[in-house]
Number of protein chains: 2
Amino acid sequence: MILEKKKVFLQFATKRGLRSTRQRDLILDVFLSSHEHLSVEELYLKVKASHPGVGQATVYRTLKLFVEAGLAREMTLSDGQTRYEHLLAGEHHDHLICTGCGTIVEFEDETIERVQDEIAVRHGYTISSHRLELYGLCPACKGHQR
Amino acid sequence: MILEKKKVFLQFATKRGLRSTRQRDLILDVFLSSHEHLSVEELYLKVKASHPGVGQATVYRTLKLFVEAGLAREMTLSDGQTRYEHLLAGEHHDHLICTGCGTIVEFEDETIERVQDEIAVRHGYTISSHRLELYGLCPACKGHQR
DNA sequence: TTTACTGTTGATAGTCATTTTCAAAGGATC
DNA sequence: GATCCTTTGAAAATGACTATCAACAGTAAA
């Protein structure tokens, strides 16, 4: 699974004439081995923890490459930080975000996808992507409420 | 309709002990008379066109007041600019955004709203708001494609 | 209407995330 | 290993937005 993705990036790099460097390998490892929706800063800190020499500009640059390679998806929530999440081939999912603790749950719903297509057709649009975020309180945070 | 909204703002201002100033009246006029999804910068330019003395900090501040007054909604697309759109009482709508020319179409769909609620319940969440954006090419831009 | 009080404004400096710049370092190819 | 040219790290630059603060202007009482 991780190997699979490494191969994808390798192929992408080859096709684009990119060089293979320690930094890119390292950042890819850290990215692939984390399952959260990491912000660039968080990822940078993780990388720096094991390899202090890596600059954050490199992390920014490399994450953009992952997006181009189809390995990652950029997501901008309303907190002003760009996050990157794993993207499995052909997969689409949306997010349920807790406004209390920030927990993000992923979900997928076929009905919504279908209705979206209908709406697009009705307006003559051809959809290339979409973004759906539901904001609210998760079970735990509801409990803590006064 | 516009008068109605002005009254809403007036009431809000009174309740909050805000003073009525030329700048706020002006910015409200410009905001209410534009039907697009304006970014702060765009609105600032419109305001400045007729009244060059107004500072952009005031535009930023005033738009936030409109949100608090329930007249406007903040929306952040992926272009890094905050936009403000009109908000009618109790109304919810989503956006269809052309990746070619940036045109934004609003739509509302009851099925999607209902499915969203179901999903939230399934995960034990209580939804307070949501955001749905569909990105794609509008009919005009599809035509221009090579 | 004048005065005194206090909210508001505009200019500017500050912040924060992200991008650009550029010299030095390091892959890749011969 | 020499050469070429991409990549890197540090720091400066950018862009959107926010905070600061002295000057200004509503407002309500005198």
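Side chains are part of it too, since the values below use all heavy atoms of this structure and drop only hydrogens, waters and symmetry mates. Proteins come first, then strands; the chains are lettered A, B, ... in the order of their sequence lines, and each starts at number 1.
Going from atom NZ of B:Lys48 over to atom C1' of C:dT9 covers 16 Å, rounded to whole Å. Rounded to whole angstrom, the span from the CD atom of A:Glu42 across to the P atom of C:dA17 amounts to 11 Å. Nucleotide C:dC16 holds its P atom 11 Å from the CD atom of A:Glu41, rounded to whole Å. Between A:Leu77 atom CG and C:dC16 atom P the separation is 19 Å, expressed in whole Å. When the P atom of D:dC17 is taken as reference, atom OH of B:Tyr84 falls 7 Å away, rounded to whole Å. What separates CG of A:Leu10 from C1' of C:dA28 is a distance of 14 Å, to the nearest Å. If you take CD of B:Gln56 and P of D:dG15, they are 13 Å apart, rounded to a whole angstrom.
Between the side chain of B:Ser39 and the backbone N or O of B:Thr82 there is no donor-acceptor pair closer than 3.5 Å.
To the nearest 0.5 angstrom, B:Ile104 atom CD1 is 12.5 Å from B:Asp94 atom CG.
Applying the 4.0 Å criterion to OP1 and OP2 of C:dT18, one finds that A:Tyr60 has a side-chain N or O inside that range. In terms of phosphate contacts, A:Lys64 brings no side-chain nitrogen or oxygen within less than 4.0 Å of OP1 or OP2 of C:dT18. The phosphate of C:dA17 (OP1 or OP2) has no side-chain N or O of A:Thr82 nearer than 4.0 angstrom.
Shown are A:Arg16, A:Lys15, A:Arg73, A:Arg61; of these, the salt bridge (charged side-chain N to carboxylate O under 4.0 Å, His left out) with A:Glu68 is made only by A:Arg16.
Looking at the side chain of A:Val54, the nearest of the listed nucleotides D:dG9, D:dT18, C:dG10 is D:dG9.
Checked by atom type, the side-chain pair B:His130/B:Gln116 shows a donor-acceptor distance below 3.5 Å.
Every stem involving DNA chain D, taken as at least 3 paired positions in a row under the Watson-Crick or G-U wobble test at 3.5 Å, is listed here: C:1-30 with D:1-30.
Classification of the A:Phe66-A:Phe9 ring pair by plane angle, with boundaries at 30° and 60°, yields perpendicular. Ring geometry for B:His37 against B:His95 counts as perpendicular: the plane angle is over 60°, on a 0 to 90° scale with 30° as the lower cut. Note on ring orientation: taking the six-membered ring where Trp is involved, the planes of B:Phe107 and A:His123 are tilted (angle from 30° to 60°).
Inter-residue side-chain proximity for B:Ile127 and A:Leu96 is flagged as met; some heavy-atom pair is nearer than 4.5 Å. Using a 4.5 Å heavy-atom cutoff, the side chains of A:Gln11 and A:Thr14 are not in contact.
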Using a 4.0 Å heavy-atom cut-off, write out nucleotides 25-30 of chain D from 5' to 3' as B (base contacted by protein), S (sugar-phosphate only) or - (no contact).
BBS---
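At a threshold of 4.0 Å, the pair A:Arg83-A:Glu85 does not count as salt-bridged, since none of the basic side-chain nitrogens sits closer than that to a carboxylate oxygen. Under 4.0 Å is where a charged nitrogen must lie from a carboxylate oxygen, and between B:Asp25 and B:Lys6 no such pair does.
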When you compare the protein's N or O atoms with those of nucleotides 19-24 of chain D, which come within less than 3.5 Å of each other, and at what distance?
none

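Comparing A:Arg24 and A:Tyr44 by the nucleotide of DNA chain D whose heavy atom lies nearest to each, the residue mapping closer to the 5' end is A:Arg24.
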